[in-house]
Amino acid sequence: MAAGTSNYWEDLRKQARQLENELDLKLVSFSKLCTSYSHSSTRDGRRDRYSSDTTPLLNGSSQDRMFETMAIEIEQLLARLTGVNDKMAEYTNSAGVPSLNAALMHTLQRHRDILQDYTHEFHKTKANFMAIRERENLMGSVRKDIESYKSGSGVNNRRTELFLKEHDHLRNSDRLIEETISIAMATKENMTSQRGMLKSIHSKMNTLANRFPAVNSLIQRINLRKRRDSLILGGVIGICTILLLLYAFH
């Protein structure tokens with residue numbers, strides 16, 4: 001009985017590993033398909049930008065069919081792997097050898113982690129593919145509208161662009177002229193202010209120059225008075241000295 005249950009567990013593990021290997025290969029191809037779709041759409045967008053060809057942005061109907069087919073196959077593999085993991089979980093719950101439950105649970109958890117990683121990678125790649133396809137379809141419709149508008153208007157669009165450019169040049173010239181006039185007005189105001197300051201300084205200097213002779217005369221009078229006071233003081237000191245000498249020798 002133990003040998004039979006052991007063989008059942010090994011069969012489940014083999015099935016799980018086989019499904020995991022198939023999923024790994026499918027997911028790699030699925031990711032490459034998404035990458036090639038993105039690169040082809042980029043090349044087509046550049047070709048449409050530099051040429052006048054009005055063909056559709058992407059000829060990706062075959063890629064879309066491959067995407068749908070591979071997505072269904074991967075979903076089926078994920079469902080089968082989920083079923084195998086469920087059977088492994090039932091086996092671990094009903095195993096008759098308790099000492100092996102820890103090892104069995106560890107193996108089961110590893111397979112569950114792998115299933116979770118593959119599921120997350122699949123949904124992420126699928127979401128990226130859908131986003132790229134929707135974006136490119138939108139850009140393709142916009143480019144078609146632009147091309148149809150250009151082909152319908154032609155020379156008129158060219159003339160309109162030239163008129164708009166000339167209008168922009170005129171507006172820029174007007175803006176530069178206004179800036180130059182404002183700078184000139186500011187310079188004039190500064191020069192007027194400086195001229196007023198210079199006039200004020202000149203008037204103050206004239207006032208000082210007119211007052212200077214009177215100040216000079218006053219200073220001369222003060223110097224003469226100081227000199228006279230010095231002479232008087234010197235004479236008094238000399239007389240006092242002579243009197244003291246006469247008094248000392250008598």
[Y] and [X], any side-chain heavy atoms less than 4.5 Å apart:
X	Y	answer
N21	L25	no
T125	L27	no
T107	W9	yes
R80	V84	no
K26	F122	no
T69	E73	yes
R225	R221	no
E20	H111	yes

Practice task
Grab the two heavy atoms, one from C34 and one from I132, that are nearest each other, plus how far apart they are.
Solution key: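 Heavy-atom minimum between the residues: SG-CD1, 4.1 Å.
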Exercise for the section: Before giving the answer on side chain to side chain contact (heavy atoms under 4.5 Å, CB included), spell out for R195 and K199 the whole-Å C-alpha distance, their side-chain angles and the decisive distance to 0.1 Å. Expected result: CA-CA 6 Å; R195 185 175 63 182; K199 285 184 177 180; 4.2 Å; yes
Problem - CD/Q116: more than 12 non-hydrogen atoms of other groups inside 6.0 Å - result: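 No - once you tally the heavy atoms of other residues, nucleotides and ligands closer than 6.0 Å, there are 12 at most.
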Spacing of [X] atom [atom1] and [Y] atom [atom2] [to the nearest 0.5 Å]:
X	Y	atom1	atom2	answer
D24	E121	CG	CD	7.5 Å
L77	M70	CG	CE	10.5 Å
R171	L176	CZ	CG	12.5 Å
R13	L108	CZ	CG	11.0 Å
L170	R175	CG	CZ	13.0 Å
L12	E90	CG	CD	9.5 Å

Handout entry: Single-linkage hydrophobic cluster, 4.5 Å side-chain cutoff, L33 and V28 together
Key =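 No; V28 is not reachable from L33 via cluster members.
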Exercise for the section: Indicate if I74 and M130 have the same hydrophobic cluster label, given that clusters are the connected sets of ILVMFWY residues with side-chain heavy-atom separations under 4.5 angstrom. Expected result: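 In one cluster: yes.
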Problem - Pairing of E75 and K126 as salt bridge, 4.0 angstrom limit - result: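 Here E75 pairs with K126 in a salt bridge, since their nearest N and O are under 4.0 Å apart.
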Problem - ring pair (Phe, Tyr, Trp, His ring centres under 6.0 Å) partners of Y118, counting only residues at least two apart - result: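 Ring pair (Phe, Tyr, Trp, His ring centres under 6.0 Å) list for Y118, sorted by chain: empty.
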Handout entry: Residues T187, M191; criterion side chain to side chain contact (heavy atoms under 4.5 Å, CB included); working and verdict
Key = CA-CA 6 Å; T187 304; M191 292 180 66; 4.2 Å; yes
Exercise for the section: For side chain to side chain contact (heavy atoms under 4.5 Å, CB included), just list the numbers for D86 and T82, CA-CA rounded to whole Å, side-chain angles, deciding distance to a tenth of an Å, and then say yes or no. Expected result: CA-CA 6 Å; D86 293 339; T82 302; 3.9 Å; yes
Problem - D11 side chain to Q15 side chain, donor-acceptor N/O pair below 3.5 angstrom - result: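 The answer is no; no qualifying pair exists.
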Practice task
Check the angle between the aromatic planes of F30 and F129 and answer parallel, tilted or perpendicular using the 30° and 60° thresholds.
Solution key: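 Judged by the thresholds at 30° and 60°, the geometry between F30 and F129 is parallel.
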Problem - Sole candidate of V236, L243, T241, I237 that passes side-chain contact (heavy atoms from CB on, under 4.5 Å) when paired with I239 - result: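 Only one option passes, and that is L243.
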Practice task
Report the hydrophobic cluster partners of I181, with the cluster defined as I, L, V, M, F, W, Y residues connected by side-chain heavy atoms closer than 4.5 angstrom, directly or transitively.
Solution key: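 Other cluster members: I177, M185.
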Problem - Qualifying ring pair (Phe, Tyr, Trp, His ring centres under 6.0 Å) pairs, either residue in residues 220-245, two or more places apart - result: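 Residue pairs passing ring pair (Phe, Tyr, Trp, His ring centres under 6.0 Å), neighbours aside: none found.
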